Novice: 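Sharing a structure, written as structure tokens. Questions coming.
Just so we're on the same page: letters track the sequence lines, and every chain starts at 1. Every value quoted in this text rests on a predicted model; they were computed, and no experiment measured them.
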Amino acid sequence: MAGHATDKIVVRNLNAWYGDFQALKNINLSIKKNTITAILGPSGCGKSTFIRCLNRLHELRSDAKIEGEILLDGKSVFNMDPVEVRRKIGMVFQRPNPFPTMSIYDNVAIGLKLNGVRDKKALDRVVEDSLKKAALWDEVKDKLNMPGTSLSGGQQQRLCIARAIATNPEVILFDEPTSALDPISAVKIEDLLVDLKGNYTVVIVTHNIQQAGRVSDYVAFFWMGELVEFGKTAEVFENPKEELTEAYLTGRIG
Amino acid sequence: MKRARGDRVFWLLAFFSSLSVIVMFTLLFYELLSNSVPIWKDGMSFITGMVWDPLKGLFGAFPFIYGTLLTATFAILLSTFLGVGIAIFLSEIAPSSLRVIISSIIELIAAIPSVIIGLWGIFVLAPFVRDNLQPLLQHLSFIPLFSGKTLSGLSMLTAILVLTFMVTPIVAAIAREALLMVPEDLKEALYSLGATRYEVVRHVCIPYARQGIFGGVILGYGRALGETMAVTMVIGNTPSISASILNPGYTMAAVIANEFTEATGDVYLSALIGIALLLLLISLAVNLVGRMIVWKWQQEG
């Protein structure tokens, strides 16, 4: 049943609904280990729903329905405890959303604390390490006890990345992580994504064609709930097989 | 010109409307203070006095202060527990069909006139306390709180339960509103770290909504402190100070309602008005402390 040896996630015949509305129609694709896969498409095409299926966040909505198969390292996520799935597949959201009632330190440490880590030294180490990986340590190391919401938008988003890294997931999902940020903060996040690729498998949802081109190794183009085209980013961008893809990339539709 | 004059009238109307609140409150306070002057001649002994015996001219308000604080405090503790539990169930757990039903029932309970709850207290709750709850609590009679015995079922415990029943809907409704304000993506953020539903409620929802929840608790406490009719009907109206909630008691609101019409003599009347003044001050203090705590939380971010 397992896909290719380097396939981290394999999606087969995935369908998803909100009530009667079908948001995803028969999606098939594989996400390679230690790569960045961009999920590209206009608003409402189902790209956020797609990644929310991967970590089983979609099911939290009372009207949500899901069919098909998602394999993580060859094992169905639907046979795993959702808590377990989400520990392996972390997520960064569109709006920077640090927990407003927690300090910078606790925002990063909360995931570990939930996992039962109590040792202060171990927590300190992971917090520092995660903040360094998120390129935020130098800016916050002297104010770790300040509320997470006291930071700027770009810093908050990097704090959220540190929060996701801290629990040491295997995959990190990014749901339009720069769309609420200024251009300079966005560039920092993009640089960070590329750095993360060495240790994690990254999936990023974006409607920004240039961003997908800059950061991703693979790109999946979604249109109205369907996967139109999937392949290596360079190939899809230079030589799209589908007319719809070309129309989107050249800005004729969007 | 005409429009400018209209605007001026509008301004004055709004100004005097808000001014009337201040005037009414000041007058109320002044009336209570001036009419209770005779009882304050002995100073603090009115507040600390343990004996209330109008026939002998003894006016000690402490049994009522004790009864009010004891019943209201126990009731708000129970209501907080129940109300927040209901609110969490309604906002996080219940399927939407059940939410509507339970929410409407809660609003319905909040709208029941207190005299009806009092009747229910006398005919249903009091016998239940006497016949069912009391035998259970007697196993705990080594704790002074449960040491007494009630023959009629009219006791401070019955009053606490009646108050809990009346106050829980307030706490539940306000806590639910506060919990519904918690942004969805904050909850999802903790879920995405591998949190369980309980952990999301505990680490995200309740901390985020605590100001609103606490506001509901303070409002409920104020209601419990001042509730008159239902408590008067079930508490037994005995001005004694007992450690056991199985004994009857008396509250400030209840004694004012019961004895105001039969208060003969200036001192008796001023004693009751003095109790009213104390009740007002206690309610104000509760509100003020509540506001200060919320304010402090806001400062902390």
Novice: To check you understand the geometry: which heavy-atom pair defines the closest contact between A:V83 and B:A195, and what is its length?
Specialist: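 Residues A:V83 and B:A195, closest heavy atoms: CG2-O, 4.0 Å.
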
Novice: Quick check on A:N97 against chain B: is it the side chain, the backbone, both or neither that has a heavy atom closer than 4.5 Å?
Specialist: both

Novice: Less than 4.5 Å apart, any side-chain heavy atom of A:L114 and any of B:L190?
Specialist: yes

Novice: Any chance CG of A:D20 has more than 12 other-residue heavy atoms, nucleotides or ligands included, within less than 6.0 Å?
Specialist: no

Novice: Look at atom CZ of B:F81 and say whether more than 12 heavy atoms of other residues, nucleotides or ligands are closer to it than 6.0 Å.
Specialist: no

Novice: If we only count heavy atoms from C-beta on, is the A:R86 to B:L193 side-chain gap below 4.5 Å?
Specialist: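 No. Closest side-chain heavy atoms not under 4.5 Å.
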
Novice: Measure distances from B:E188 to the heavy atoms of chain A and classify the residue's part below 4.5 Å as side chain, backbone, both or neither.
Specialist: both

Novice: At what distance, to the nearest 0.5 angstrom, does CG of A:L57 lie from OH of B:Y191?
Specialist: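 Separation between the atoms: 9.0 Å.
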
Novice: Decide yes or no for B:P207 and A:F99: does some side-chain heavy atom of the first lie under 4.5 Å from some side-chain heavy atom of the second?
Specialist: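 Side-chain contact under 4.5 Å: no.
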
Novice: Counting only heavy atoms closer than 4.5 Å, note whether A:R56 contacts chain B via side chain, backbone, both or neither.
Specialist: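 For A:R56, there is no contact with chain B at all, as no heavy atom is under 4.5 Å.
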
Novice: Select one option (side chain, backbone, both, neither) describing which atoms of B:P95 are under 4.5 Å from chain A's heavy atoms.
Specialist: neither

Novice: Counting only heavy atoms closer than 4.5 Å, note whether A:P98 contacts chain B via side chain, backbone, both or neither.
Specialist: backbone

Novice: Using a cut-off of 6.0 Å, state whether more than 12 heavy atoms not belonging to B:M229 lie near its atom CE.
Specialist: no

Novice: For B:G194, does its backbone N or O pair with a side-chain atom of A:R87 as donor and acceptor, under 3.5 Å?
Specialist: yes

Novice: Between atom CG of A:L60 and atom NZ of B:K187, what is the distance when rounded to the nearest 0.5 Å?
Specialist: 9.5 Å

Novice: Look at A:Q94, A:R95, A:M91 and state which one has the largest set of heavy-atom pairs under 4.5 Å with chain B.
Specialist: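 Highest number of heavy-atom pairs under 4.5 Å: A:R95.
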
Novice: Could you grab the distance from atom NZ of A:K113 to atom NE2 of B:H203, nearest 0.5 Å is fine?
Specialist: 9.0 Å

Novice: Nearest 0.5 Å, please: how far is CZ in A:R61 from CD in B:E184?
Specialist: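 Here the rounded value is 8.5 Å.
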
Novice: Heavy-atom distance under 4.5 Å to chain B: side chain of A:L173, backbone, both or neither?
Specialist: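 Neither the backbone nor the side chain of A:L173 comes within 4.5 Å of chain B.
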
Novice: In terms of heavy-atom proximity below 4.5 Å to chain B, should A:M146 be classed as side chain, backbone, both, or neither?
Specialist: neither

Novice: Between A:F93 and B:A189, which heavy-atom pair has the shortest distance, and what is it?
Specialist: CE1-CA, 3.5 Å

